[in-house]
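See below for the structure under consideration.
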Amino acid sequence: GHCNVPYHYKEKPFLNSWVKRQRYQYKCLQQGKTSHLTNERIRMLEAVNFSWDTHDLAWEANFEAFRKHVQTNKHCHIPAKETRLFAWAKRQRRQYKLWLANEDSTMTEDRCQRLTGLGFRWGTQPLHGR
């Protein structure tokens, strides 16, 4: 199991609301604003691998989908018909270019290394022989 409740979790609205409140309180704390989140609660949530950032969760889910694609297909070319994964790969390339130019970007050294380790194609040139 896991404790990563999606941002829009309709099955359990109370849980969804509670998780959003914890994330909001954590963000307030990080920004130096008033927060009811205690260090003890932070420790308890982090002990069960609670994710404070839904964007990180989404990135990890897409990375896992890419990893499975590579494992299944034995290559990292993503056809346009796989619209969700194709769009995500396109965003990674755009973020990579921004990162290289030292502009605001969601790309990190770790993400870059993980993608490169799976053979991610940073360019969009067609593959020869496919």
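In this chain, numbering begins with 1 at the start of the sequence shown. No hydrogens, no waters, no symmetry mates; every other heavy atom, side chains included, goes into these values.
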Taking a hydrophobic cluster as the set of Ile, Leu, Val, Met, Phe, Trp and Tyr residues connected by side-chain heavy atoms closer than 4.5 Å, whether directly or through intermediates, do [X] and [Y] fall within one such cluster?
{"X": "Trp88", "Y": "Trp99", "value": "yes"}
{"X": "Leu100", "Y": "Leu98", "value": "no"}
{"X": "Val70", "Y": "Leu85", "value": "yes"}
{"X": "Met44", "Y": "Val19", "value": "no"}
{"X": "Leu15", "Y": "Leu37", "value": "yes"}

Task: Trp59 ring center near Phe63 ring center (under 6.0 Å) - done: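 Between Phe63 and Trp59, which both carry aromatic rings, the centre distance is below 6.0 Å.
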Open item on the list: Test your reading of the model: is there a side-chain donor-acceptor pair from Arg84 to the backbone of Asn62, 3.5 Å cut-off?
Closed with: no
TODO: For Asn16 and Lys12, indicate whether the former's side chain and the latter's backbone hold a donor-acceptor pair under 3.5 Å.
DONE: no
Tell me, do [X] and [Y] make a side-chain contact under 4.5 Å, heavy atoms counted?
{"X": "Phe120", "Y": "Arg93", "value": "yes"}
{"X": "Trp122", "Y": "Thr116", "value": "yes"}
{"X": "Arg114", "Y": "Glu60", "value": "yes"}
{"X": "Met107", "Y": "Leu115", "value": "yes"}
{"X": "Gln25", "Y": "Leu29", "value": "no"}

Task: Least distance between heavy atoms, Gln95 atom then Thr106 atom - done: OE1-N, 2.7 Å
- [ ] Check Leu118 against Cys76 and note the closest heavy-atom contact, atom names and distance.
- [x] O-CB, 4.2 Å
- [ ] Any ring pair (Phe, Tyr, Trp, His ring centres under 6.0 Å) involving residues 23-45? Give me the pairs, sequence neighbours left out, ordered by first then second residue.
- [x]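 Qualifying pairs: Tyr26-Trp52.
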Drop me the distance from [X]'s [atom1] to [Y]'s [atom2], to the nearest 0.5 angstrom.
{"X": "Ser105", "Y": "Lys97", "atom1": "OG", "atom2": "NZ", "result": "12.5 Å"}
{"X": "Gln113", "Y": "Thr108", "atom1": "CD", "atom2": "OG1", "result": "8.5 Å"}
{"X": "Ile78", "Y": "Arg121", "atom1": "CD1", "atom2": "CZ", "result": "9.0 Å"}
{"X": "Lys27", "Y": "Lys33", "atom1": "NZ", "atom2": "NZ", "result": "7.5 Å"}

- [ ] Give a yes/no verdict on a cation-pi contact between Arg111 and Tyr96, requiring under 6.0 Å between NZ or CZ and the six-membered ring centre and an angle within 45° of the axis.
- [x]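 No, Arg111 does not sit over the ring of Tyr96.
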TODO: Quickly, which of Gln71, His69, His77 forms a side-chain hydrogen bond (donor to acceptor under 3.5 Å, both in side chains) with Asn73? Name it, please.
DONE: His69
Open item on the list: Checking Glu64 now: which residues fulfil side chain to side chain contact (heavy atoms under 4.5 Å, CB included) with it, not counting sequence neighbours?
Closed with: Arg67, Lys68
- [ ] Give a yes or no on whether Asp104 atom CG has more than 12 heavy-atom contacts from other residues, nucleotides or ligands under 6.0 Å away.
- [x]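 No, because the 6.0 Å sphere around CG of Asp104 holds 12 heavy atoms or fewer from other groups.
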